[in-house]
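Naming convention: chains lettered A, B, ... in sequence-line order (proteins, then strands); numbering from 1 in each chain.
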Amino acid sequence: MGMDLLHSLNPAQRDAVSATPGPLLVVAGPGSGKTRVLTHRIAYLIREMGVSPWHIMAVTFTNKAAREMEHRIEQLLDGRPQGLHMGTFHAICARLLRREVDNLTHYQRDFVIFDTADQLQVVKTALAELRLDDKKFPPAKMLNGISTAKNDLITPATYQATNYIGEITRRVYEYYQLALQTNNAMDFDDLLMQTVLLFDERPDVLQKYQHRYHHILVDEFQDTNATQYRLLRQLAGDDNSIFAVGDSDQSIYKWRGADYRNVQNFYRDYPTARTILLEQNYRSTQVILDAAMGVIRRNADHMPKKLFTERKGGAKLIVREAYNESDEANAVIDTIQDMMLQGYSGNACAVMYRTNAQSRALEEAFIGAGMPYRLVGATQFYQRREVKDVIAYLRVVHNPRDAVSLGRVLNVPTRGIGQATQQQFYLWAAGLGLQPAEALVRLAGDGDLQHPFTGRAYNALHTFGGQLTNWIALSEHVAVGDLLDAILRDTRYQAHLDDGTDEGVDRWENVMELRGVAGSDESLSLSDFLQQVALVAETDNLDNAAQATTLLTLHAAKGLEFPIVFLTGLEEGLLPHSRSMDSEDELAEERRLFYVGMTRAKDRLYLSHVFRRSTWGDSSVAVPSRFLNDIPEELLEGGGAGQRRRQSIDRASTWSDTRPRTGLERRPAGSQPSGGTAPSTPRPTTPAFSWDADRRLPKPNPAPEPRRERPATTRFKTGQKVRHTKFGVGTVIESKINGADEEVTVAFPGIGIKRLAAGFAGLEIIG
DNA sequence: TTGCGCCATTTTTTT
DNA sequence: AATGGCGCAA
C-alpha cells in the first residue's frame, strides 16, 4: 500500500511526503511537482499515518487549486475523505467567522463581504464626512493604506502615524472600520484579520480549532502576509504540524502585503524546521529552465537553486520585435496557427502580459483572425456594473444593514428617488437610528410612521420599501434563483438594461449568466451564494477543455502551465513596470514576475516587444526590457538581446523621414485585407513579422501611409545628437508637439531613455 | 429629477 | 481609449 503513494515520487518528493510530523518547509521550484507532494502528503497522512481527515487543513492560493487538489486526493484514496478542510485563506476564514459569529463583538450573522468597489464607496463617504479633499487624498490610496495596515495586523487603535498622510489614513481607517461594522460587512482583509483578533481575544475559541487541525498544509507559502502567517502560528500552537510549500523566487504579491520573509520567520519561529528542496522539474525543457535561471540569478536575494529536467535540450527561445501592438498580436496568432498545423491542440498556447490593458490589442487581433481565445481577468465578470447591481439587491435582502449595496440600487433602475430625496431619506433614517434599508421596510409597513417626504418621493420610497419587504419574505422559503427572478421582474431590470445597443444585450446576458450560477438548487442558501460569489477568483473558472488560446496577466499565470507561452510587451516601463522602476525591491519583484512567466512554458517560449507602443491614444517609442539581456545568448535563436536592444535604439534614430520600406507600417484602419472569415484562408491578416524567419512575407501593402506626425514645427529631429546639462550627450529618438511644448525623447547612453519637455530641458543641439 | 455631453484623469498586479 | 465627475437643459 505504502508503495503506491511513494513509488511514483523522486527521492526529495518522497522525503517530504513521508516526513515525520513537525515543521517542514518544502522549497519547490517551478514545475517541481508541489501539488503532487501536497496531495500525496495528505493521502499519506490519512492512509499511512492513520490521521483522520478531520484533523487536516490545507490552504491554497486559489479556489481552483483547492478543487484540483481535492480531485487528485479523491483519486489517490478512491473516494472523498470526510472532514478534510481545504480552501483559500479567505474562504476558510469566512467559513470560520460565520460559524463563530456569536463570538464576534462587532458583527452579526449574515454579514456580507465588501469588494473593492464597495470599499471605495465607504472611503469616499468617510472622506466627505471628515471634510477631507478627495483630490488630495485619493480614495484608492487611502484604501491601499488601510489594506496594508490590515495585512500587517494593525487596527485603527494601534495605527501609528508618522506623517500627515499617515494621520489622515488613520482617521479614514477609523471611520471606515466603524462604517463597515455598521453595515455588518467585512472586506477581504477583515476575513483574515478578524479571525486573528478573535483568536487573540478568545483563547477558548482558538483552542477548539487547535484541537481540530493537527496538520496544516500551506501552498504558495511565499505569498502569505503577516496576518496570514500569524494565523498559521495561532492554529499551529505548540503541538500541530505546519507543512509549508513555497518558492521565494515566485513571490509576486508583495504589493498585496505578501512577505516572503515569512520564510525566514518560519525558521526563526520553528528552529527545528526541516527544509526539503525540490529541484527536479517535470514541466519545461532544459533550455527554458536555463534561460529562466539566467534571469532570476540576478536578484540579490535569490537563493541559488539548480533546476534540472530529464528533457535535455529543447527549442531555443525566440525574441522578436514587432512594429506595434497589433502587429505583435498578429505575429502571435500567426505562430499559434503554425503550431496547430504542427499538431498542437487549440488550448496549447497562452499569451501573457503585464497589464490588463494590453489584452485589448490581442483580443482585437484574435477576433479579426476568427481565432478562439479566452480572457482571464480584465473587466472581471463580478465587477461588471449590471452583475454588481443584481448582487447588491441580493445583499440588501440578505443583510438589510448593508447601506452601501442599498445606495447602489436605491435608484437603479431609476424610480424617482433622486439626489435630493436620497439626502433627506438618509437623514431621516439616521434620525430613527436605523440603517437605510431597515427604514425603508418600516416606511412600507407602518402607515402611521412620521416622515418628511412629499407625495412623489413618498410614493417612490413606499413602493420600493414594499418590494424590499416582499423579497425579504420570499428569501426565507425560496431558492436563490427564484428570488433573483422576482427581483429582476419587479424592478423590470431587463428593460432598464435594454438601450437598443449590443452592449445592452451583452449586459442582460451577463445577468442571465449570474442567474445560471444561482441555479435552481434549493439547498444553496443565499448566504452561501453571496459568499461564493464574493470570493471567486477569475482563474477559478478556467476550464482547460475549451479549444482556445488563453490570454492572461503574468500574475494570473501563476500555478498554470502551457506547452507554448508567449510573453508580450517586454519593454521598459511595462516589464519592469514604470511604477516599479525606482525601487530595488519592486524591480526584483518584476524580475520574479518575468521568471514566473517564463517557467510556465513546457516546450516553447516566445518573447516579444514592440517598437512603438500606444498608451492613452498616443504612441511612443519603446525600449526592449532590460530583463531580455539576462537570458544567455546561446539559448536564443538568432542574435542576443543586448545587441537587439542597442540596435533598436539606433534604428529608432534613422526611422523618421528616411524610414525604409519594412512592411511594418501601420495600415490605415479598414484597409486590412478582408475575407478573414473563410476557413480556407487561415491567415486573414498579414503579420508584420513571423517568428519563423523564412516565412517572413514580402511587404504586400504599399498603401501610402498618412504621416503620423507633422514634424515641420519640431525643433528637434530624430537622430540628432543633443546635450543635456545633467544627462550629458544623447540621441533624439523622436520629437513631437504636445500642447504648447515640444516633447523630445532622447536616449542617453548609460542613463536610459528620457522624455523631456523641450521648453524646460535646455537641450543643446550638437549634431 | 433625469439624462446628456463635455472635461479631466487614468493603469500594475487581485483574494 | 474609456470611464467617471460635473454642469446644464428639458
Side-chain angles (χ1 to χ4, degrees), chain A residues 59-66 87-94 113-117 119-121 124 134-135 138-140 143-144 147 150-151 186-193 220 223-225 227-228 251-258 325 352-361 364 376-380 382-385 411-423 454 456-457 460 499 503 531-540 552-558 569 573-581 583 586 589-590 592-594 596-597 613-619:
Chain A
V59 192
T60 58
F61 198 68
T62 62
N63 294 303
K64 187 188 177 221
T88 62
F89 268 110
H90 291 88
I92 286 174
C93 288
I113 299 167
F114 273 7
D115 68 13
T116 315
Q119 292 177 283
L120 274 176
Q121 199 52 52
K124 281 179 194 163
D134 62 359
K135 296 267 175 344
L143 201 51
N144 200 32
S147 178
K150 286 184 173 182
N151 286 327
M186 294 202 194
D187 61 23
F188 290 124
D189 304 316
D190 272 331
L191 295 174
L192 308 171
M193 186 173 78
E220 307 281 10
D223 280 325
T224 50
N225 61 38
T227 303
Q228 289 165 330
S251 165
I252 52 175
Y253 285 98
K254 185 183 154 71
W255 52 274
R256 208 168 83 185
E325 46 268 295
M352 304 177 186
Y353 37 81
R354 177 66 233 268
T355 67
N356 278 307
Q358 290 169 256
S359 71
R360 172 171 297 275
E364 280 168 5
V376 182
T379 321
Q380 297 175 12
Y382 287 104
Q383 313 236 26
R384 306 193 113 95
R385 194 176 14 141
N411 201 30
V412 175
T414 48
R415 50 172 68 90
I417 307 177
Q419 216 185 352
T421 309
Q422 285 187 31
Q423 234 168 20
T454 55
R456 244 184 25 198
D499 55 0
E503 204 193 328
Q531 178 163 319
Q532 188 187 312
V533 154
L535 297 179
V536 285
E538 205 64 22
T539 37
D540 288 346
L552 74 183
T553 64
L554 287 165
H555 282 88
K558 189 160 83 153
L574 228 37
L575 190 76
H577 195 271
S578 49
R579 299 279 249 253
S580 314
M581 297 242 245
S583 140
E586 289 176 68
E589 179 143 317
E590 297 289 305
R592 290 194 293 270
L593 206 43
F594 186 41
V596 166
R613 170 134 339 242
S614 350
T615 25
W616 295 316
D618 78 0
S619 79

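- In this structure, CE of A:Met186 is placed 16 Å from C1' of B:dT15, rounded to the nearest angstrom.
- In this structure, the aromatic ring of A:Trp255 is positioned over the six-membered ring of the base of B:dT13, centres within 5.5 Å and planes within 30°.
- The nearest whole Å value for the distance from the CG atom in A:Leu574 to the P atom in B:dT13 is 10 Å.
- At a threshold of 4.0 angstrom between heavy atoms, the contacts of A:Asn411 are confined to the sugar-phosphate backbone, with no base atom among them.
- Atom-to-atom, CG of A:Leu120 to C1' of B:dT14 comes out at 14 Å; the value is rounded to the nearest Å.
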The test is side chain to side chain contact (heavy atoms under 4.5 Å, CB included); show your working for A:Leu535 and A:Phe188 and say whether it passes. CA-CA 9 Å; A:Leu535 297 179; A:Phe188 290 124; 3.9 Å; yes

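- Note on A:Ala91: nothing from the nucleic acid sits closer than 4.0 angstrom, heavy atoms only.
- The interatomic distance linking A:Arg256 (CZ) with B:dT13 (P) rounds to 13 Å, in whole Å.
- Regarding contacts with the backbone of B:dT14, a side-chain N or O of A:Thr553 is found under 4.0 angstrom from either OP1 or OP2.
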Under a 4.0 Å heavy-atom criterion, the protein footprint on nucleotides 3-11 of chain B, written with B, S and -, is S------BB

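- Residues that satisfy the side chain to side chain contact (heavy atoms under 4.5 Å, CB included) test with A:Ala258, not counting sequence neighbours, are A:Asp223, A:Tyr253.
- Between A:Asn356 and B:dT14 there is a side-chain N or O to OP1 or OP2 distance below 4.0 Å.
- The residue A:Lys124 sits close only to the backbone: its heavy atoms come under 4.0 Å of sugar-phosphate atoms, none of a base.
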Anything under 3.5 Å between a protein N or O and an N or O of nucleotides 7-10 of chain C, put it in a table, one pair a line.
none

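- The interatomic distance linking A:Glu589 (CD) with B:dT14 (C1') rounds to 12 Å, in whole Å.
- What separates CG of A:Asp187 from C1' of B:dT15 is a distance of 11 Å, to the nearest Å.
- Residues passing the side chain to side chain contact (heavy atoms under 4.5 Å, CB included) test with A:Asn144, sequence neighbours excluded: A:Thr148.
- With hydrogens and angles left out, the side-chain atoms of A:Glu589 and A:Ser251 include no donor and acceptor closer than 3.5 Å.
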(message) Under the criterion side chain to side chain contact (heavy atoms under 4.5 Å, CB included), I'd like the reasoning laid out for A:Asn356 against A:Thr553: C-alpha separation, chi angles, the key distance, then a yes or no.
(response) CA-CA 6 Å; A:Asn356 278 307; A:Thr553 64; 3.2 Å; yes

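- In this structure, A:Gly416 and A:His555 both approach DNA chain B, and ranking their closest nucleotides by distance from the 5' end singles out A:Gly416.
- Spacing between atom CZ of A:Arg385 and atom C1' of C:dG4 amounts to 11 Å, rounded to whole angstrom units.
- Closest approach to the A:Arg360 side chain among B:dT1, C:dA1, B:dT15 is made by C:dA1 (side chain taken as heavy atoms from C-beta onward).
- For B:dT15, the OP1/OP2 oxygens have no side-chain nitrogen or oxygen of A:Asn63 closer than 4.0 Å.
- Applying the side chain to side chain contact (heavy atoms under 4.5 Å, CB included) criterion to A:Ser147, with sequence neighbours excluded, gives A:Asn151, A:Asp189.
- The side-chain hydrogen bond (donor to acceptor under 3.5 Å, both in side chains) search around A:Thr421 returns none, not counting sequence neighbours.
- With sequence neighbours left out, the side chain to side chain contact (heavy atoms under 4.5 Å, CB included) criterion links A:Thr116 to A:Gln119, A:Leu143.
- Dashed line: the shortest gap from a side-chain N or O of A:Thr116 to OP1 or OP2 of B:dT14 is not under 4.0 Å.
- If you take atom C1' in C:dG4 and the same atom in B:dT13, they sit 22 Å apart, rounded to whole Å.
- Between A:Gln419 and A:Thr88, the residue whose closest nucleotide on DNA chain B is further toward the 5' end is A:Gln419.
- A:Ser578 comes within 4.0 angstrom of no nucleic acid atom, judged by non-hydrogen atoms across all strands.
- Under the side-chain hydrogen bond (donor to acceptor under 3.5 Å, both in side chains) criterion, A:Thr355 pairs with A:Gln358, sequence neighbours left out.
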* Apply side chain to side chain contact (heavy atoms under 4.5 Å, CB included) to A:Ile92 and A:Val59, showing your working. => CA-CA 8 Å; A:Ile92 286 174; A:Val59 192; 4.2 Å; yes

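- Among the protein residues, A:Ile417 comes within range of the sugar-phosphate backbone only, with heavy atoms under 4.0 Å from sugar or phosphate atoms but none that close to a base.
- A straight line from CD of A:Gln531 to P of B:dT15 spans 15 Å, rounded to a whole angstrom.
- Listed by chain and residue number, nothing satisfies the side-chain hydrogen bond (donor to acceptor under 3.5 Å, both in side chains) test with A:Gln228 (two or more places apart in sequence, or in another chain).
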